[in-house]
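Notes follow the structure.
Letters go in sequence order (proteins before strands), and every chain restarts at 1. The model shown is predicted, which means the values in this text are computed figures rather than measured ones.
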2 protein chains.
Amino acid sequence: MRSYGQYCPVAKALDVIGDRWSLLIVRELLIRGPSRYTDLRKGLDGIATNLLADRLRELEAAGVVGSAEAPPPVATTLYSLTERGQELERVVAALGRWGAPLLAAELPDDAYRSHRFALAVKAGKDRSPSQRPVAVEVRVDGEEPMVVETVGGDVKPRAGTAEHPDAVVSGPTLLIVALLTGRLDLATATSRGVHVDGSREALTRVLPARS
Amino acid sequence: MRSYGQYCPVAKALDVIGDRWSLLIVRELLIRGPSRYTDLRKGLDGIATNLLADRLRELEAAGVVGSAEAPPPVATTLYSLTERGQELERVVAALGRWGAPLLAAELPDDAYRSHRFALAVKAGKDRSPSQRPVAVEVRVDGEEPMVVETVGGDVKPRAGTAEHPDAVVSGPTLLIVALLTGRLDLATATSRGVHVDGSREALTRVLPARS
DNA sequence: CCGGATCCGGGTTGATACTG
DNA sequence: CAGTATCAACCCGGATCCGG
């Protein structure tokens with residue numbers, strides 16, 4: 001991308017991560033941790049392979065992304081965020097908070113992936129480090145499940161299932177999303193079709209404070 | 001811009017403000033408040049006029065920017081941020097914090113404008129609402145001056161000069177910028193060529209905590 | 001001067017095909 | 001699996017023009 005040529009912190013930041021797809025690549029790495037090329041491509045859902053290769057090169061040159069050869073038997077390249085790249089979490093989180101209301105109305109043809117709400121969940125939750133860890137499994141109708149765990153006051157969401165979840169929430173996409181992003185409280189959500197198995201208290205520990 | 005087509009808060013936000021120049025237009029409106037087309041063009045320094053017109057239309061359609069006809073004798077259109085647009089301040093501030101280190105090395109051919117550091121100054125300062133207001137004038141060698149004022153715990157930077165500043169800082173660009181963005185403390189800055197007239201205490205009230 | 005609209009050359013993106 | 005190569009469509013930047 002062409003530089004803006006402005007001596008300004010915002011413009012300089014955009015010179016590095018203002019390209020199309022760049023911040024979404026960072027989002028993907030923030031959520032998934034070190035990832036293979038193919039997994040990034042799947043998570044980004046729609047990026048052209050040449051663009052992904054381009055962006056990874058640019059971000060690596062800028063010191064945002066690093067790549068490492070995984071040892072055998074995996075034998076593949078793993079892309080991950082450098083320390084500098086991790087610092088973009090505040091930016092991505094701020095964007096996500098601002099963008100959350102845009103999801104409210106409907107679910108058009110947009111590709112749904114559970115893990116994309118991981119950051120929203122993480123950002124919405126204030127730390128209470130003293131309590132025991134909990135694991136909550138989230139199931140959206142017809143989609144891959146996701147797990148939200150609290151570990152020492154930090155919230156760690158990830159794709160997949162939990163062995164012994166403290167609670168399992170399930171229901172239609174829009175309601176679950178509204179619940180996870182804090183637009184809907186638990187009582188209303190359950191009254192409209194969200195189902196909770198297990199400890200409701202564990203679930204509330206993981207939900208954002210009502211916004 | 002083409003939509004990413006992803007059901008994700010970050011992607012949705014980028015659908016709206018991910019276009020080239022869009023966030024810089026928001027930055028400009030955040031700093032300057034309601035502005036005329038021509039002033040935006042000057043502040044953005046390098047944007048093509050068709051792009052500015054396009055972006056303003058898009059941002060207005062998205063509910064981020066509003067336009068209003070100023071009454072005679074001014075008789076011009078004033079563009080401003082809607083309430084929704086104001087909420088982007090957190091995003092722009094986060095980007096600025098991340099981008100600030102990129103200014104460290106040198107000042108190439110980049111266009112310098114004092115007001116671009118307004119947000120950095122504002123973000124870096126924690127509120128201490130109880131104290132009396134101060135005004136500090138910032139002068140960078142060969143550039144337009146800027147004023148930083150505190151009003152009831154809030155920091156209001158703007159372009160221009162102050163009538164009775166509590167302090168005046170002046171010096172070479174790089175040192176002033178490092179001081180304003182918190183990379184340099186006042187003692188080091190003065191030892192390297194930054195000059196302070198008036199109350200040093202007023203100045204420190206306006207500087208960010210050392211990062 | 002202000003606030004754009006229009007046109008055009010070149011660079012970027014996106015879809016697909018192909019390769020080690 | 002991890003990309004590179006190719007090519008059409010689109011977007012950006014710069015210049016020019018035009019009505020208040």
Query - Residues which pass salt bridge (Lys or Arg N to Asp or Glu O under 4.0 Å) with B:Asp197, listed by chain and number, not counting sequence neighbours - result: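 With sequence neighbours excluded, B:Asp197 shows a salt bridge (Lys or Arg N to Asp or Glu O under 4.0 Å) to no residue whatsoever.
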Query raised in the report: Just by distance, do the side chain of B:Gln6 and the backbone of A:Leu44 share a donor-acceptor pair under 3.5 Å?
Result: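 The answer is yes, because a donor-acceptor pair under 3.5 Å joins these two groups.
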**Report entry** Short side-chain to backbone donor-acceptor contact, A:Arg41 and A:Gly46, under 3.5 Å
**Finding:**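 Looks like no, no N/O pair under 3.5 Å.
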**Report entry** Nucleic acid footprint by protein, nucleotides 7-20 of chain D - heavy-atom cut-off 4.0 Å, B for base, S for sugar-phosphate alone
**Finding:** -----SBBB-----
Atom-to-atom span, [atom1] of [X] to [atom2] of [N] - whole angstrom:
| X | N | atom1 | atom2 | value |
| --- | --- | --- | --- | --- |
| B:Gln6 | C:dG14 | CD | P | 12 Å |
| A:Glu69 | D:dA2 | CD | C1' | 11 Å |
| A:Leu52 | D:dG3 | CG | P | 8 Å |
| A:Arg41 | C:dA15 | CZ | C1' | 11 Å |

Query raised in the report: What residues form a side-chain contact (heavy atoms from CB on, under 4.5 Å) with A:Arg84, not counting sequence neighbours?
Result: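 side-chain contact (heavy atoms from CB on, under 4.5 Å) list for A:Arg84, sorted by chain: A:Thr82, A:Glu87, B:Trp98, B:Pro101, B:Leu102.
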Report task. Could you tell me which residues satisfy side-chain contact (heavy atoms from CB on, under 4.5 Å) with A:Asp141, sequence neighbours excluded, listed by chain and number? Result ->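 A:Asp141 satisfies side-chain contact (heavy atoms from CB on, under 4.5 Å) with A:Pro172 once adjacent residues are dropped.
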Query - Lys/Arg N to Asp/Glu carboxylate O, A:Arg55 vs A:Glu58, below 4.0 Å - result: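 Here A:Arg55 pairs with A:Glu58 in a salt bridge, since their nearest N and O are under 4.0 Å apart.
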Requested in this report: Would you please name every residue forming a ring-ring contact (aromatic ring centres under 6.0 Å, His included) with A:Tyr4, sequence neighbours left out?
Outcome: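 If we apply the ring-ring contact (aromatic ring centres under 6.0 Å, His included) test to A:Tyr4, skipping adjacent residues, the hits are B:Trp21.
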Requested in this report: In sequence, state the C-alpha distance, the side-chain angles, and the governing distance for A:Glu28 and A:Ser35, and then conclude on side chain to side chain donor-acceptor pair (under 3.5 Å).
Outcome: CA-CA 9 Å; A:Glu28 211 63 18; A:Ser35 308; over 6 Å; no
**Report entry** DNA chain D contacts made by residues 22-33 of chain B, counting heavy atoms under 4.0 Å
**Finding:**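 Correct list: empty, so none.
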